[in-house]
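Every heavy atom of this structure was used, including side-chain atoms; hydrogens, water molecules and symmetry mates were not.
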Amino acid sequence: MAEAPDGAPPQDWTPVEQRMWRAFREGRTCDLRTGHADRDDPPPWLRTGAPPTGPEWGAERTVRAQAVAELLLDGPPPVPGRVTALKLAGVRITGRLMLSGGTVAPYVQLDDCCFDEPLMLQECRVGSMRMVRCRMPRIDAARLQVGGDLHLPQCLVTGGIRMADAQIGTDLLLNQITVRRGRAAQAFAADGLTVGQDVDAELIDVTGEFSLRSARVGGRLSLRGATLRNPGGRQALNAARITVEHTLYLSGGWNAMAAGSSSAPPPEGVTVRDFTCHGGLRLDDGRFGNAVIISRARFLLQDEQQVSLRRVQAPELCFTVPRAPEGMVVLSGARIGKLTDAAGAWPSAGRLRMTGFSYDTLTPLAEFPLRDRLAWLQAATPEFRPEPYERLAAALRAAGEDAAAREVLLARQRRRRESLTAAGRVWGWLQDITVGYGYRPGRAAVWMAVLWALGAVYFALHHTPPAADAGGYRPHWSPALYALDLLLPVIDLGQDNAWRETGLAQWVASLLTLLGWMLATTAAAGATRLLRRGS
């Protein structure tokens with residue numbers, strides 16, 4: 001850059017630019033704010049591109065983008081004992097700031113600044129860059145490489161942000177940013193983004209698709225209190241194949257700076273804003289090292305938009321939204337360690353898909369009655385599938401709730417009966433009312449007692465049958481022992497084979513023997529299930 005021989009700023013620069021040049025060499029802030037809110041607030045045409053109205057920022061607050069680029073790419077040396085840094089506050093930057101392909105060594109801090117044209121950062125290398133409450137038409141930063149932090153809190157970007165394949169060394173801070181999409185459908189296009197530590201995007205307001213496909217985050221991804229909307233589009237948040245080493249937060253958020261606290265729970269009296277998604281949410285094939293937290297979230301879905309968590313893998317999934325999404329929730333193929341949910345969080349029948357969904361333990365946020373849990377399974381399986389019932393039973397057994405697990409397996413058999421032929425349904429119905437498919441073995445004992453009593457009464461009213469062997473041993477005739485001997489398989493009480501029944505009594509004796517075998521085998525099967533927890 002051209003400068004005076006004595007180290008003075010370039011003579012062709014404006015007085016404001018020369019002031020910026022001196023502040024750059026000294027590493028201090030060039031602050032052009034007046035301290036009056038009405039004058040420091042950018043006029044509408046700088047904020048949104050609307051026609052000029054009201055007070056404008058004149059030449060006393062304006063620098064050329066070319067002058068800024070010269071400082072960042074080939075700036076003057078620092079004064080002795082200082083480090084060069086570009087720190088601007090309340091400055092309007094005219095022209096297009098072209099840093100694409102360059103290397104920016106100085107530290108960059110822009111507060112309350114406005115850009116007339118897009119900021120071009122494609123394939124640029126930067127140490128750290130912080131822009132706070134800045135306004136700009138667009139940011140093009142594909143393949144940007146930032147060695148430290150990239151901060152864009154409370155900024156307004158009216159034409160979208162593109163950060164595809166960008167690499168951020170430590171943190172990406174987007175809290176309270178407002179982004180509007182431009183000509184493309186995506187408002188925030190960051191496919192392939194890599195962030196070394198955390199991505200904080202709390203209380204953001206994005207109109208258009210927020211895309212993080214195949215992104216990698218080394219820490220947490222926080223979208224607490226975010227509002228995402230994509231009118232006319234399919235996805236509001238598209239994060240398929242994302243990898244988050246710690247936790248994804250889609251939950252309520254609050255302004256921690258305004259509250260004066262950054263503690264985990266919000267301080268008393270602080271307004272908490274729900275995470276709101278006006279459009280589809282896609283996390284398919286995502287990998288999460290700690291948890292996926294979806295609570296205090298609202299999903300406003302239309303047409304075929306979905307909350308899709310297909311094949312997601314995470315040690316924990318917390319799905320405790322206060323109101324069930326109106327569209328489809330898909331968990332097909334997801335693998336979760338601990339599932340934390342609430343009874344009213346899941347959509348009704350036909351809008352929940354869980355084919356191949358697996359989880360190890362269940363920890364409901366509040367009381368989740370078994371009948372509601374069974375309705376949850378039925379809503380997820382319009383056509384009968386045994387796997388969801390077996391998975392739920394296994395989780396209940398792991399929690400020590402064996403009785404509830406047996407109820408689930410009994411419900412599985414009843415659902416299965418609906419898919420059988422007429423003969424199969426009749427046989428299943430008989431098994432259900434007699435022994436509860438073996439999951440209620442106590443019923444077998446009750447039926448055995450009833451049949452024993454009926455048999456004893458019948459044979460007591462019937463005449464004494466002839467002995468089986470006229471010349472042999474003839475025991476004392478006992479209708480009660482005779483009926484019991486017919487019902488009990490294997491055990492011989494000396495009555496069954498001692499008498500020869502004929503006519504109707506023979507049919508009654510045969511029926512008691514058949515029912516005794518059936519009840520005994522189903523009771524034995526039920527007892528086996530009681531002893532074998534893993535069955």
Side-chain angles (χ1 to χ4, degrees), residues 212-213 221 223 234-244 247-251 275 277 279-301 304-365 368 370 372-396 398-399 408 411-412 415:
L212 291 169
R213 292 178 297 179
L221 171 56
L223 288 161
R234 187 175 181 84
Q235 311 291 344
L237 174 59
N238 190 352
R241 302 179 300 279
I242 192 172
T243 299
V244 179
T247 302
L248 169 64
Y249 294 96
L250 305 178
S251 56
F275 171 83
C277 188
L281 169 70
R282 186 182 179 210
L283 298 178
D284 298 351
D285 299 293
R287 301 293 181 268
F288 304 91
N290 187 53
V292 177
I293 308 297
I294 305 177
S295 65
R296 290 209 59 164
R298 295 189 299 146
F299 296 96
L300 307 176
L301 308 178
E304 297 184 4
Q305 295 173 342
Q306 301 178 350
V307 177
S308 180
L309 284 77
R310 292 176 174 88
R311 299 174 297 279
V312 162
Q313 295 185 23
E316 179 181 357
L317 169 62
C318 177
F319 194 87
T320 57
V321 296
R323 182 180 178 183
E326 298 178 356
M328 186 79 69
V329 175
V330 184
L331 294 166
S332 300
R335 298 176 60 187
I336 304 298
K338 182 173 72 172
L339 175 61
T340 301
D341 61 354
W346 302 105
S348 56
R351 295 188 295 173
L352 178 61
R353 293 288 183 270
M354 296 196 305
T355 304
F357 175 47
S358 66
Y359 50 92
D360 298 328
T361 59
L362 278 171
T363 56
L365 186 65
F368 203 142
L370 185 59
D372 293 339
R373 185 67 73 181
L374 292 175
W376 172 63
L377 284 188
Q378 188 161 358
T381 53
E383 297 181 359
F384 170 70
R385 294 179 181 274
E387 296 86 358
Y389 290 87
E390 294 166 358
R391 178 62 57 187
L392 176 57
L396 291 173
V408 171
R412 178 196 62 180
R415 281 291 306 277

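The OG1 atom of Thr355 lies 10.0 Å from the CG atom of Leu331; values are rounded to the nearest 0.5 Å. Atom-to-atom distance recorded for Met354:CE and Ser332:OG is 9.0 Å, nearest 0.5 angstrom. For the atom pair CD1 of Ile293 and OG1 of Thr340, the computed distance is 7.5 Å after rounding to the nearest 0.5 Å. Atoms CG and CZ, from Leu339 and Arg391 in turn, are 11.5 Å apart once rounded to the nearest 0.5 Å.
Inter-residue side-chain proximity for Arg412 and Phe384 is flagged as met; some heavy-atom pair is nearer than 4.5 Å. Two residues are said to be in side-chain contact when any heavy atoms from C-beta on lie closer than 4.5 Å; Phe288 and Leu221 fail this criterion. Using a 4.5 Å heavy-atom threshold, the side chains of Thr381 and Tyr389 count as touching. Side chains of Leu283 and Leu248 form a contact here, defined as non-hydrogen atoms less than 4.5 Å apart.
The two atoms that bring Ser348 and Ala379 nearest to each other are C-CB, 4.0 Å, heavy atoms only. Contact detail for Gly280 and Gln235: the closest heavy-atom pair is C-OE1, 3.4 Å. Here the shortest heavy-atom pairing between Gly327 and Pro347 reads O-CB, 4.1 Å. Val321 and Pro325 get closest at one heavy-atom pair: CG2-CD, 4.3 Å. Closest of all the heavy-atom pairs between Leu250 and Ala297 is O-CB, 3.8 Å. When every heavy atom of Ala411 is checked against every heavy atom of Leu374, the shortest pair comes out as CB-CD2, 3.9 Å.
Phe357 meets the ring-ring contact (aromatic ring centres under 6.0 Å, His included) test with Tyr359; sequence neighbours excluded.
Crowding of Arg385 atom CZ: a count of heavy atoms from other residues, nucleotides or ligands under 6.0 Å not exceeding 12.
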Do any side-chain atoms of residues 305-320 form donor-acceptor pairs under 3.5 angstrom with protein atoms, and if so which ones, sequence neighbours left out?
{"unit_1": "Gln305", "atom_1": "OE1", "unit_2": "Gln302", "atom_2": "N", "d": "2.9"}
{"unit_1": "Gln305", "atom_1": "NE2", "unit_2": "Gly233", "atom_2": "O", "d": "2.8"}
{"unit_1": "Gln306", "atom_1": "OE1", "unit_2": "Arg310", "atom_2": "NH1", "d": "3.1"}
{"unit_1": "Gln306", "atom_1": "OE1", "unit_2": "Arg310", "atom_2": "NH2", "d": "3.3"}
{"unit_1": "Ser308", "atom_1": "OG", "unit_2": "Asp284", "atom_2": "OD1", "d": "2.5"}
{"unit_1": "Ser308", "atom_1": "OG", "unit_2": "Asp284", "atom_2": "OD2", "d": "3.4"}
{"unit_1": "Ser308", "atom_1": "OG", "unit_2": "Arg310", "atom_2": "NH1", "d": "2.7"}
{"unit_1": "Arg311", "atom_1": "NE", "unit_2": "Asp285", "atom_2": "OD1", "d": "2.7"}
{"unit_1": "Arg311", "atom_1": "NH2", "unit_2": "Asp285", "atom_2": "OD2", "d": "3.2"}

Practice problem: With side chain to side chain contact (heavy atoms under 4.5 Å, CB included) as the test, would you mind laying out the steps for Arg234 and Glu304 before giving the verdict? | Solution: CA-CA 8 Å; Arg234 187 175 181 84; Glu304 297 184 4; 4.1 Å; yes
Exercise. Begin with the C-alpha distance, continue with both residues' side-chain angles, and end with the deciding distance and a verdict on side chain to side chain contact (heavy atoms under 4.5 Å, CB included) for Phe275 and Ile294.
Key: CA-CA 9 Å; Phe275 171 83; Ile294 305 177; over 6 Å; no
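With Arg373 contributing its side chain and Leu392 its backbone, the two residues share no donor-acceptor pair below 3.5 Å.
In this structure, a donor-acceptor pair under 3.5 Å is absent between the side chains of Ser295 and Ser251.
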